[in-house]
2 protein chains.
Amino acid sequence: MANIRDIAASCKLSVATVSKALNGYSDVNEVTRARVLDAAKRLGYFPNAQARSLKTSRSYQLGVLFIDENNNGLTQYFFAKVLNSFKMEAERLGYHITFITKKLGNAELSYLQSCRHIGVEGVCLACIDFDQPEVEELDNSGLPLVSIDYILKNSPAILSDNRNDMASMVRFVKERGHSRIAFIHGPPSRVTSERIRGFTNAMKDAGISIDPTLMAESPYTDSVKAFEAVTKMLKLENKPTCIFLPDDSCAFGAIEAINKMGLRFPEDVSLVGYDGIRFTQMMSPNLTTMRQDAEAIGLAAAKALINNIEAPEHKHMTPVVVSGQLLPGGSVSQLN
Amino acid sequence: MANIRDIAASCKLSVATVSKALNGYSDVNEVTRARVLDAAKRLGYFPNAQARSLKTSRSYQLGVLFIDENNNGLTQYFFAKVLNSFKMEAERLGYHITFITKKLGNAELSYLQSCRHIGVEGVCLACIDFDQPEVEELDNSGLPLVSIDYILKNSPAILSDNRNDMASMVRFVKERGHSRIAFIHGPPSRVTSERIRGFTNAMKDAGISIDPTLMAESPYTDSVKAFEAVTKMLKLENKPTCIFLPDDSCAFGAIEAINKMGLRFPEDVSLVGYDGIRFTQMMSPNLTTMRQDAEAIGLAAAKALINNIEAPEHKHMTPVVVSGQLLPGGSVSQLN
DNA sequence: CTGAAAGCGCTTACAG
DNA sequence: CTGAAAGCGCTTACAG
């Protein structure tokens with residue numbers, strides 16, 4: 001591909017002048033600039049990002065960490081949408097997206113090494129195990145970061161409003177006459193504990209005491225495990241009339257469990273999900289759930305990260321809280 | 001971060017020797033090499049990829065084009081899995097993954113320009129509009145490519161065995177006693193036409209003549225449109241007993257349509273999907289469908305691409321065809 | 001076995 | 001307004 005020297009030769013100018021013309025410096029004659037721009041176009045010139053980066057220490061690359069231990073970050077609809085929206089906003093602001101990895105060929109490197117190696121200017125952390133020491137190393141490195149649904153010490157976070165969103169779902173269910181409400185929640189994490197807190201607070205506000213037998217844990221997105229957890233719940237002497245699930249994907253297992261038990265859905269057992277994925281909205285009855293605003297989350301993450309790259313003197317640290325949207329569905333029956 | 005000069009200073013060696021020690025050249029004293037490696041570790045050294053790339057023209061970066069016009073490539077489970085598997089294999093072989101984009105800040109660039117700018121060594125084209133002239137430009141540029149479910153003139157392709165897979169689904173349905181079989185297929189594309197060919201061939205082999213009123217088009221993954229298409233199909237005088245859908249996602253709309261018409265599923269109308277996404281397998285009855293081997297596709301794509309980068313003299317051009325796996329499901333009823 | 005030197009494609013103080 | 005020169009961090013023929 002043509003480089004800056006080809007343009008210089010073609011225009012009989014120095015590379016310095018060509019560079020300045022290309023980069024819009026004011027101290028270059030407008031006629032000269034036009035000639036340069038014309039030659040650049042004619043020669044199909046596009047700057048070599050690595051050369052520029054080497055000189056300016058600006059790579060305009062952003063790293064993303066979207067893969068959890070099970071390598072399935074991307075295949076979760078929510079994270080796919082967050083990444084999509086993050087990517088679009090980042091590109092609009094002039095940045096490319098690269099995946100950060102810990103294994104490269106035979107080498108094992110830390111997240112930080114990987115970032116320095118590729119030369120990303122910032123990183124978005126989403127679907128990963130935040131408890132790794134390497135995450136702390138990253139957070140202490142000075143490299144701008146943004147995290148999603150987790151709060152790091154030195155970096156801004158974008159958070160779903162899990163606590164309040166959960167509470168409003170409890171109120172919704174309560175208004176439909178339910179009081180034996182079970183909560184099958186996900187494994188320990190910041191998200192889970194926020195949801196549990198929102199649930200218990202709202203139950204208390206509603207004057208319903210929490211029955212520990214109606215609290216259980218089951219992995220996110222695992223429909224088979226949800227089937228088992230719901231089955232167990234429905235074998236209780238005093239069974240719930242409504243079950244909150246870890247997320248929407250779990251609803252498939254839950255419905256199955258209800259059917260297998262010979263109960264009617266939603267007349268005998270109501271269900272509530274979390275996320276707002278497409279599929280459970282197309283079913284009938286559709287699932288009552290909390291639509292997470294993945295677009296807003298990805299967008300906010302890109303904005304916060306790029307702000308902290310470009311204006312470190314105005315480093316933005318306060319978490320951005322993004323509210324979800326309650327999607328009322330036929331999966332919650334009206335009691336008496 | 002520490003650079004090669006820091007190591008040189010620390011070891012009182014020249015940068016040349018340090019570089020050679022680091023890169024495993026044989027003409028360096030083993031004691032010296034050990035000292036260098038030790039210092040590198042101590043200083044937290046990791047090579048600057050852009051500097052190396054600038055000098056060697058090897059970036060070890062691969063571009064991916066996974067976003068269609070609607071910006072939803074990643075959110076399709078199939079493509080997310082392909083990308084995931086592509087990424088894992090590429091990283092295992094020492095390559096990073098970067099998204100290629102046409103818009104970067106204010107600049108509009110062609111795919112090729114974007115690739116040259118970032119300096120990727122190859123590109124994987126998946127969920128995009130292959131008819132754009134820019135794709136041809138890419139294919140003619142000499143940059144190594146690999147395409148998924150589409151055949152380019154100068155590059156290897158990884159293909160699902162749409163034709164044969166489709167045919168085996170037709171045979172499956174035929175064996176269950178169906179002969180009024182409708183096919184709601186996706187919009188024109190290579191994938192669609194292969195599936196149509198597989199369908200019509202298998203019908204012919206089964207001795208069933210094709211009724212044009214039972215052929216219709218509806219977009220992939222669009223459950224609402226599928227609802228409409230199925231409804232229309234079920235209003236026919238002589239309606240089908242079994243309907244093939246564009247893909248699994250469409251099944252949600254299809255089931256809805258059957259229910260709304262007051263028909264029973266699957267007793268009155270059977271359904272067949274395509275893809276093998278998790279959700280329709282968890283439902284009951286589960287969907288008869290073709291599980292696409294996304295992992296194998298992503299893996300093969302990475303292997304083919306990297307082979308063509310590293311061994312251009314043995315350029316691999318023959319398409320790799322990946323068979324799917326028929327998942328028999330309760331969504332196809334046994335007729336009499 | 002080690003090192004001095006050139007150069008990858010760019011940018012940027014500085015001189016003129 | 002233009003250009004010569006240095007340098008970003010690395011690699012690699014070449015000399016010794």
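When reading the values below, keep in mind they use all heavy atoms of this one structure, side chains included, and skip hydrogens, waters and symmetry mates.
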Subject >> Beyond-backbone contact of B/Glu194 with B/Ser160, side-chain heavy atoms, under 4.5 angstrom >> reply: no
**OP:** Any pair with a residue in residues 45-64 of chain B that passes salt bridge (charged side-chain N to carboxylate O under 4.0 Å, His left out), sequence neighbours left out, goes on the list, sorted by first then second residue, please.
**Re:** B/Arg58-B/Glu121
Subject >> Under 4.0 Å protein heavy-atom contacts per nucleotide of nucleotides 1-11 of chain D, with B for base, S for backbone only and - for none >> reply: SBBB--BBBBB
Subject >> Parallel, tilted or perpendicular, as decided by the 30° and 60° cut-offs, for the rings of A/Phe130 and A/Tyr150 >> reply: parallel
Original post:
Are side-chain heavy atoms of A/Lys81 and A/Tyr77 found at a separation under 4.5 Å?
Top reply: yes
Subject >> Heavy-atom side-chain contact between B/Ile297 and B/Asp149 under 4.5 Å >> reply: no
Subject >> Dot-bracket pairing map - DNA chain D, Watson-Crick plus G-U, both contacts under 3.5 Å, | cross-strand >> reply: |||.||||||||.|||
**OP:** For DNA chain C, determine which residues of residues 105-119 of chain A have any heavy atom closer than 4.0 angstrom to one of its atoms, and list them numerically.
**Re:** none
**OP:** With side chain to side chain donor-acceptor pair (under 3.5 Å) as the test, would you mind laying out the steps for B/Asn140 and B/Asn154 before giving the verdict?
**Re:** CA-CA 7 Å; B/Asn140 289 330; B/Asn154 307 314; 3.0 Å; yes
**OP:** On the 0 to 90° scale, with breaks at 30° and 60°, tag the A/Phe99-B/Phe99 ring pair as parallel, tilted or perpendicular.
**Re:** tilted
Subject >> Under the side-chain contact (heavy atoms from CB on, under 4.5 Å) test, residues paired with A/Asn307 that sit two or more places apart >> reply: A/Ala311, A/His316
Original post:
Tell me, which pairs form a salt bridge (charged side-chain N to carboxylate O under 4.0 Å, His left out) where one or both residues lie in residues 95-105 of chain A, sequence neighbours left out?
Top reply: A/Lys102-A/Glu134
**OP:** Please work out whether the ring planes of B/Phe66 and B/Phe79 are parallel, tilted or perpendicular, with thresholds of 30° and 60°.
**Re:** perpendicular
